[in-house]
Structures are given as structure tokens and as C-alpha cells.
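Let me begin by presenting the structure, written as C-alpha cells, before commenting on it.
Chain naming here is simple, since letters A, B, ... match the order of the sequence lines and numbering starts at 1 in each.
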Amino acid sequence: MPFVLKVAFRYLTANKGQTSLLITGVAVGVFVFVFMSSLIGGLAVFLVTRTVGDISHVTIEAPSREAEAIPVGGDRELLLVTQPSSTTRELLRTADAFLPVIEASPDVKAVSPQVVGNGFVVRGQVRAAVSVTGVDPDKVSAIADLGKRLVKGSTALSSSTILIGKALADDLGVTVGQVVRLQSDRGIDRPFLVGGLFEIGLEALDSRAAFVNLSAARTLFGVEQGLSRIEVKLNDLYQADAVAKRLAAETGLKATPWTASNAQLLDGLRAQASSGNLIKSFALITIVIGVASALSLSTYRRRPEIGIMRAMGATRRFVTMVFIVQGALIGVFGGLIGTALGFAALSPFPLPEVAGPGAFPVDVRLGAYDLAFVLTAVAATLASILPSLSAARVAPASVLTQ
Amino acid sequence: MTDTPLMEVKDLVKTFEDGGVETRVLKGVNLTLRPGELCALVGPSGSGKSTLLTILGTLARATSGSYTMLGEDLMTAKDAALTEFRNAHIGFVFQFHNLLPDFTALENVMFPAALRDGRETGAARDRARELLVRVGLEERVDYRATQLSGGQKQRVAIARALMNRPELVLADEPTGSLDKESAQQVLELIAEISAAEQTSYLISTHDDKVAAVCPRQIRVSNGLIVED
Ligand SMILES: Nc1ncnc2c1ncn2[C@@H]1O[C@H](COP(=O)(O)OP(=O)(O)OP(=O)(O)O)[C@@H](O)[C@H]1O
Ligand SMILES: [Mg+2]
């Protein structure tokens, strides 16, 4: 064992009570760091899962027409602007060509081609406005997991069944097995059998949405071919911006990531993360102050011994290293104990994406253990530099004159 | 004993400055030591004995003058070079604060060798054990410094001073904090060891008995050597 290490170890073990107290202090700081990381990370997972888990990550639609300049002879131009219609939607006429490309993309988890429109669900005297989504019967659960959130009935979509939210069903006073009429904004009116009721937890879906078979939607909205939009779910929802950009470039269509309509959520998450970082910084600062003050005290107490060591031929470098190594050892042990305690304390909590409502949203996977350990070891080592340098400045002659 | 001096100081001056007040503690000391000499450094309190020893031990620098030992100019050498020099060539025995309290007697004795080698070697361990036997502490090898009596501590300090086979041992009142009997034992030990090895000793003391043991006596008064 290098002699510096031996001397540093001996000094740490010479006063076991004080050293354990110091290491405990460091470990508590590390624990706070790990806990905050896992809480802020878990909260983000929880909120994003709740908000974005059941919506499209990237939505592909026909590009809206840009204003176009048409030369009309001479140096005059005509500016062509299309007024988007509220009743006729732009259709993806060549969507079929793009579907395999999008589906084959490695980031893509599921793809749902849809025909959508507005209409009313009518039951006796009661009418409720809904947005109607026509989906492929195999892909009912591709975007919002209707299968998992079904409270009654089944998700099988024949050409004359409809799935609605439980809240909407309660408003209408219908349940599974009963018949409602669906009137589209194109004036087409058809009876549907209520096949299933879902409860997703999003108001827009639970009380104002209806899902029907894609072919039924084609009839309702007079769309014989083409699609209104393609909804895409990704493996990693944080890749949405990049994937949207890529899909837009590849297909020439308009691809909108979920982040575009959830800026507030993202702002909130960012604010949360920065307040978490503030708390983590304070934990690190506490570690630095604790280690620095303990080592300052120790170098002060050991001045006579440092003088003896210097007289015996210890270089300034050796003395400096003895105290820096002590700081580093305290950081390493405190870091190990703190991260281990953090992991042990966080492990019993269920992961935020599977946790029920009201659960404590910590995520044991997001404890940033390696970062906490490395930062602590580095912080404790840096904290020991000033006390170490002051130790190295003890004059060797001080032993004789005391 | 040969005639080549072990070390030589000329016109050594040391002044302390404290809040604008300058104190001249050494006022031009001239001194030559030959290998294997046993010298006593005597003189009234405040005459500058300890100050001279710190400078000879390269623990502090003189204000002016010259100091050479073993052919090296120790006035201009850098701190790192001085540290290495005293580790190899100078041993110390102080009055107080001699041992490192968190280390055993054996570890204290080995310390200078471990500093030199970067680790505790088996050879150093053997020599340290041998030295502790020589100072009569074979029973106390693994005792912590804090578990030893004053006299035992000084004997460990003597063993440690000899660890790296230095040419010069500087002792500042080595028996100053001991009772008569332990002082006598420590003194006999120094006389015995110095007779056996070619090591020079410079021992500052107030004790006539200590001085009497030394063939050469150097008297300091008011920052000057007045009798040699
Ligand atoms: N750091 C210092 N600053 C100012 N003056 C000092 C300092 N160190 C020593 N002196 C002065 O130098 C003079 C000599 O001190 P020194 O310790 O060398 O005497 P000494 O001969 O060893 O005395 P004693 O026999 O009492 O140990 C004293 O007057 C002391 O006050
Ligand atoms: Mg003195």
C-alpha cells in the first residue's frame, strides 16, 4: 500500500466517531441528491405518461397549403391563399403509399390510419357532440389503450359498433348492447350498437369522442379513399420532435409532434427539473462545506504532527496528498453508503407508469446513482484541497519552537 | 574522525521580523562539525540555541551567511531539495511533540524510511525493530506512541532519528521534559550509540550532566558562539 494512503487511512481511523459522523453527513447529502433525482424524474415520467400516454406522439396530416405566388404576366403576381374549410378536410390521398415507410421506421411502435370527422350521438331526445374517429379494427388500442381502459363490453369493432366513453354513455343514459344513432356533419345518419365503454381519464376522450370502424367512418364522412390523418406512437416519446422532422422530410407531409401542443407541460417539467437541480446543488454544497470544515479542523489540530512529518522528510506534496486522500476516501465511502441507502429506500415504490393514482411518484431507475457518486467523490476531493494546502504550509520549524 | 568537515556555517545571521520590529537572534555564527563528533550546545535561555538548530536542520532558513553540508549549498537549495536532504542526512530529537500519536513505536521509527521509499518495506521494518531493541524497547514495538512514557518516547525518537543512517543528529533538549532517571538513561543511550557509529551529534541542553558527556562543548550567548 502506498505510504500516503496508509497515513490517510490511519488519520481517518484514529478518530472513528468523528469520521463516521462525517461520512454519515456526506451519505445524507448523497441520499438527498438521489432522492431528488428519482422524485423529479419520477414525477416527469408520471405526468408525461398520464398526459401523453394515450395520445398520438406524432400526427401526420396533409400539408396545409402555403400562400402561393402565381405570375400573371408582366411583373404582376397573384397571391393564392386557400381558406381552410371547416367541413371539408384535406385528405391524405396517397396515404397508403406512406404507411409501410412509416411503419418500418425503427422508432415507431404503432401506426393508426384514421378517418375523422364531427358528429352527434343521438339517443331519444338527447344529443351529444362528438369527434368521431374511424380506426382500423386491429388498431383500436394502438394510440389510446382502449383495450386496457375498457370498463364494459369489448373493443371488437364491426362495421356497426361504436365505442364511447363511460362519461358520455352516462350522459346519454345508454350502456353496452343498446343502439344509438350517429349523425355526421355531412348529414349522414346511421344506427350503431354500443360495443364497449372506456374510461381513459382525459375529458376530451371520455365525454366527447366516439370510435367506429374505419369503413363506417368512410361512409359517414363520404371519404371513399384516402385518410384524414395517421397517428403514430413511438417507442421513446422524447424522440417525437426528431421523428416528426424526419417523417415530414421523408413523406413531404405535415408531421406534428406531441410537444407542439403540450408546451405548458414541458415548461412545467423544466421548471420542476431546475428546482430539483437547485436542491441537488445545495446537497453538494453541504457536502463540500462539511468535508472542508472537518478537514480544516483536523489539519489545525494536527499542526505539531505535520511539523514532525516535515522534519522527518515529508514533502509538501506528501502532506497535501495525505489530506486530499482523506477527503477523497470520505467522498467515496459517503457516496457508496448514500447511493446504497437511496436505492434501498426507493426500491419498494412502484414505478410511476404502473403506479395507481395517488401513489408517490418516485422512480427508482432515475436515482442518478453514478452521477451522485462521482459528484460526491469529486466534491469531497475538491473540498479537501484548501485545508490540505494550509496543512502543507505548516512550517517544519514549528515543532522546535512550540 | 577525518579532517573533512561534515558541515560548515559561516557568518550565519537570523533575524525575525514581527510587526515591523526586527530581532537579530543569530548575529554571525561560525561553526564546523566533523564526522562522528559529539557536541553539546549550551548557553542561557534565549541565546539562540533552538534557532541555530532549526537552521542547521534545514527546518528554517538563515537570513544571511553560508551553510554547506556534505558538499551541498543548503542556503540556496529549494524546499523540495532540502526536504529530501534532511530525510537522508539529518535526524532529529525534539523536547516535545516528538512522535506521531496515531502510529505505533515501530511505525514511528520506520517513518523516515517509508517517506523515502514511498511505502513500508520489509528491510525498513527489520532495521526499525533492530533499533528499538538497541534502545531497549523490544517489548513496546507495537505500542501506540500515546501508550509510552516520556522516557520511552524519547528513546523511540532516538531510534527514529537513526533510521535512515543520517550523518548528523540534532537534539534540542532531548532530556528536558524527563525526570532524572530517564534523562540519565536517554543520555547514556546517546553516548553509547554515538561511540558505535560515525554519526555527529549536536545536543542543545541546559543540563550540565548532558554537557559533561560530550567531548566538545559549544557555548552560545546572545546570538554568537563565545566558546568552542
Ligand atoms: N519566530 C520568532 N519570532 C521572533 N522572535 C523569535 C522567534 N523565534 C525565536 N525568537 C527569539 O529568538 C531568541 C532565541 O530563541 P531560541 O528559542 O533560539 O533560544 P534558546 O537558546 O533555544 O532558548 P531556550 O534555552 O530557552 O530554549 C529569543 O529571544 C526568542 O524570543
Ligand atoms: Mg530552545
Side-chain angles (χ1 to χ4, degrees), chain A residues 1-20 22 294-295 297-326 329-330 388-402, chain B residues 14 16 49-55 57-61 79-104 107-121 124 144-146 157 160-161 163-164 166 170-173 204:
Chain A
M1 175 162 54
F3 194 53
V4 181
L5 209 61
K6 166 162 180 166
V7 176
F9 246 118
R10 183 61 57 86
Y11 275 3
L12 283 180
T13 50
N15 199 333
K16 292 198 181 68
Q18 205 173 33
T19 304
S20 359
L22 184 55
L295 282 180
L297 214 66
S298 161
T299 54
Y300 186 77
R301 259 194 324 113
R302 293 189 187 278
R303 292 172 77 82
E305 295 168 50
I306 295 167
I308 298 170
M309 283 198 265
R310 292 281 282 128
M312 284 192 280
T315 57
R316 287 208 174 105
R317 203 186 131 81
F318 180 88
V319 174
T320 311
M321 285 312 290
V322 164
F323 287 92
I324 288 184
V325 168
Q326 287 184 68
L329 288 173
I330 289 165
S388 304
L389 291 178
S390 91
R393 276 197 298 271
V394 171
S398 60
V399 252
L400 269 158
T401 49
Q402 262 162 359
Chain B
K14 177 69 176 177
F16 287 107
K49 302 182 297 293
S50 294
T51 306
L52 181 59
L53 286 180
T54 59
I55 293 171
T58 73
L59 301 176
R61 283 176 193 274
D79 183 80
L82 287 182
T83 305
E84 199 187 322
F85 185 89
R86 68 175 172 266
N87 176 258
H89 304 295
I90 305 175
F92 295 92
V93 181
F94 308 116
Q95 180 176 359
F96 307 110
H97 298 309
N98 241 321
L99 303 183
L100 301 171
D102 300 314
F103 293 81
T104 65
E107 287 168 333
N108 265 285
V109 175
M110 288 169 73
F111 215 97
L115 285 172
R116 180 192 59 205
D117 303 333
R119 63 192 189 88
E120 292 178 329
T121 64
R144 290 265 156 131
T146 44
R160 186 190 60 197
M163 182 67 206
N164 282 358
L170 300 172
D172 195 10
E173 304 189 36
S204 104

Checklist line | From CA spacing to verdict: side-chain contact (heavy atoms from CB on, under 4.5 Å), A:Met312, B:Leu100 | finding: CA-CA 11 Å; A:Met312 284 192 280; B:Leu100 301 171; 4.0 Å; yes
Less than 3.5 Å apart, which donor and acceptor atoms pair up between the side chains of residues 6-14 of chain A and the rest of the protein, not counting sequence neighbours?
| unit_1 | atom_1 | unit_2 | atom_2 | d |
| --- | --- | --- | --- | --- |
| A:Lys6 | NZ | B:Glu107 | OE2 | 2.8 |
| A:Lys6 | NZ | B:Glu120 | OE1 | 2.8 |
| A:Lys6 | NZ | B:Glu120 | OE2 | 3.2 |
| A:Arg10 | NH1 | B:Asp102 | O | 3.1 |
| A:Arg10 | NH1 | B:Glu107 | OE1 | 2.6 |
| A:Arg10 | NH1 | B:Glu107 | OE2 | 3.3 |
| A:Arg10 | NH2 | B:Glu107 | OE2 | 2.8 |
| A:Tyr11 | OH | A:Glu305 | OE1 | 2.9 |
| A:Thr13 | OG1 | A:Phe9 | O | 2.9 |
| A:Thr13 | OG1 | A:Arg10 | O | 3.2 |

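For A:Arg317, the CZ atom sits in a loose shell: 12 or fewer heavy atoms of surrounding residues, nucleotides or ligands are nearer than 6.0 Å.
The two residues B:Phe94 and A:Ala311 have their closest heavy-atom pair at CZ-CB, 3.8 Å. In this structure, A:Met309 and B:Leu115 approach most closely via the heavy-atom pair O-CD1, 4.0 Å.
Looking only at side-chain heavy atoms (C-beta outward), B:Arg160 and A:Ile308 come within less than 4.5 Å of each other.
Remark: the backbone N or O of A:Arg310 is paired with a side-chain donor or acceptor of B:Arg86 at under 3.5 angstrom.
Among the candidates B:Gly57, B:Pro101, B:Ala88, B:Ala60, the residue making the largest number of heavy-atom pairs closer than 4.5 Å to chain A is B:Pro101.
Applying the side-chain hydrogen bond (donor to acceptor under 3.5 Å, both in side chains) criterion to B:Asn164, with sequence neighbours excluded, gives B:Asn87, B:Arg116.
In this structure, CZ in A:Phe318 is found 12.0 Å from OG1 in B:Thr83, a value given to the nearest 0.5 Å.
Contact of B:Phe85 with chain A is not made at all, since no heavy-atom distance falls under 4.5 Å.
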